[in-house]
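Before any comments, here is the structure.
The chains referred to below are lettered A, B, ... by the order of the sequence lines, with proteins before strands, and numbering in each begins at 1.
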There are 2 protein chains.
Amino acid sequence: MRKSLGVSWQTLQRLPVYLNYLKSLPSEWERISASAIAAALHLNDVQVRKDLACVSSSGRPKVGYPVDTLRRELEDFLGYHDVDTAVIVGAGHLGRALLNYGGFEAYGLKILAAFDVESTLFGSEGGKIWPLAKLGELCAQLHPKIGIITTPADAAQGACDLLVSANVKAIWNFAPVHLRVDEGIVVTDENMAVHLAILSHHLRQSPVREHFNQC
Amino acid sequence: MRKSLGVSWQTLQRLPVYLNYLKSLPSEWERISASAIAAALHLNDVQVRKDLACVSSSGRPKVGYPVDTLRRELEDFLGYHDVDTAVIVGAGHLGRALLNYGGFEAYGLKILAAFDVESTLFGSEGGKIWPLAKLGELCAQLHPKIGIITTPADAAQGACDLLVSANVKAIWNFAPVHLRVDEGIVVTDENMAVHLAILSHHLRQSPVREHFNQC
DNA sequence: AACTTATCGATAAAAAAATATTGAATAGCC
DNA sequence: GGCTATTCAATATTTTTTTATCGATAAGTT
């Protein structure tokens, strides 16, 4: 199920983490070794090297990887240099927060508009909130590739279907439900309940001593 | 690194998904089989059964699991019935969205307050936003177990250290950085960049046909 | 120039996870 | 009451992922 051409799903999850780490490095750092990255991130050095091998071949013995090159290669691979466009369905607290966030452009994501059924919202947030009924029309103009779902759970599947029929190719789902979609549509669930479950479960598990990355 | 007593990390990730699915069932449904859950969620039935075996032994041949019992068992296991308390550091768009969301109580999470350095925010959102300088004092009173970080990347490690010194035992990190913490503190990264990477990468990978869960 | 050490990359081994197989239990049916 | 179909649970197999090992390469050192 979770398969991808070339890189494994777990590797794909770690790549942005490496990129973050590279960004956090002081700019006078010119080179970095896989072992150093592994040590900093509490990972296995061979794993880091294998992961990086998927996106780069600029590593040299005794030297490591040139930071700026590796960074660019990672960003390229992750698509941060090509801009994808998105629309949001559900302009509640979370939807509006994402709409206003602004930090996604650095990741190559531009959020064009948000839709909701609540008429008091229309036109607010810089005129970016629209009636849900306008979704089809606007999407036909704007051609967003990504649909972001921030509706309540019971409205999520409907929102999803609507987005798919508006030709969106990928769904980023913040609602705590499992969405059913046709083949050819990618769904990733930003399931906060999962993270809460992990935190909660581990708080109850004494002594707690693990460090998790995403999930 | 990602180890837990009893359940594997992957299983722990799927449990909330099962719970969501059970909740979505019509209330007249009294029983459900692992095979049915697996089919609905596009998973392997043996996997579902093994996962459920960690939290329940109420499954019976030919019958399946009683929905309400299984639901309660999952909620118990995931700690939704015990309330954990949390504070937020960073009252920007995302921080305020989480503070106002209100839906976390269903997962056993109560958000008590948010902290920021921006003085124009103090006292807003129902008096729940406080100056960062007050964090130590308030935490000493409220004893939150969870710290939620929604600061910009460059402030995240500082926020983290502050929370840890205020005796928080778990960190839910929304900032796109890898946090360093002492042993004994749990960190989960709600790394949106990871999800964006997945979406973006797969949009570029034609034809796209996978369905991902969290990550 | 040879030696040492840090590092990459490839291959091999180990561990973990997912999937398949089989057997047992039970409800419904003949 | 015995037969059949469904489903759980235990075991076995396969696949995937992680970790370890080894040889090669290049920078710094003597």
Within the structure shown, what part of the strands sits under 4.0 Å from A:Arg60 by heavy-atom distance: base, sugar-phosphate, or nothing?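 Answer is sugar-phosphate: A:Arg60 comes under 4.0 Å of backbone atoms only.
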Any base atoms under 4.0 Å from B:Ala53, or only sugar-phosphate, or nothing? Heavy atoms, all strands. nothing
Distance, rounded to the nearest Å, where [X] contributes [atom1] and [N] contributes [atom2]:
X: A:Lys62; N: C:dA6; atom1: NZ; atom2: P; answer: 6 Å
X: B:Asp45; N: D:dT6; atom1: CG; atom2: C1'; answer: 12 Å
X: A:Gln13; N: D:dT17; atom1: CD; atom2: P; answer: 11 Å
X: A:Arg31; N: D:dA27; atom1: CZ; atom2: C1'; answer: 9 Å
X: B:Asp51; N: C:dT19; atom1: CG; atom2: C1'; answer: 13 Å
X: B:Arg49; N: D:dT11; atom1: CZ; atom2: P; answer: 16 Å
X: A:His42; N: D:dT18; atom1: NE2; atom2: P; answer: 17 Å
X: B:Gln10; N: C:dT19; atom1: CD; atom2: C1'; answer: 15 Å

Taking all heavy atoms of A:Lys128 and all of A:Ile111, pick out the closest pair and write down the distance.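 Scanning both residues completely, I find the closest heavy atoms to be NZ-O, 3.9 Å.
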From [options], pick the nucleotide closest to the side chain of [X]?
X: B:Ser8; options: C:dA17, D:dT18, C:dA6; result: C:dA17
X: B:Ser33; options: D:dC8, C:dT21, D:dT18; result: D:dC8
X: A:Val63; options: D:dC8, D:dA27, D:dT19; result: D:dA27
X: B:Pro61; options: C:dA20, D:dT18, C:dT26; result: C:dT26
X: A:Gln47; options: D:dT18, D:dA12, C:dT26; result: D:dT18
X: A:Tyr65; options: C:dG9, D:dT17, C:dA18; result: C:dG9
X: A:Lys50; options: D:dA27, C:dA17, C:dA12; result: C:dA12
X: B:Ser35; options: D:dC8, D:dT21, C:dG9; result: D:dC8
X: A:Val46; options: D:dC8, C:dA10, C:dT26; result: C:dA10
X: B:Asn44; options: C:dC8, C:dA20, C:dA25; result: C:dA20

Closer than 4.0 angstrom, basic N to acidic O: yes or no for B:Lys169 and B:Asp84?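 Looking at B:Lys169 and B:Asp84, the cut-off is not met.
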Do NZ/NE/NH1/NH2 and the carboxylate oxygens of A:Arg72 and A:Asp76 come within less than 4.0 Å? no
Heavy-atom neighbours of B:Glu30 CD exceed 12 at 6.0 Å: no
Does CD belonging to A:Glu105 count more than 12 external heavy atoms closer than 6.0 Å?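 Atom CD in A:Glu105 is packed in, count exceeds 12.
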On DNA chain D, nearest-nucleotide positions of A:Thr11 versus B:Ser56: which is more 5'? B:Ser56
Should A:Ile37 and A:Tyr21 be marked as a side-chain contact (heavy atoms from CB on, under 4.5 Å) after you check the CA-CA gap, both sets of side-chain angles, and the distance that decides it? CA-CA 8 Å; A:Ile37 297 175; A:Tyr21 178 68; 4.1 Å; yes
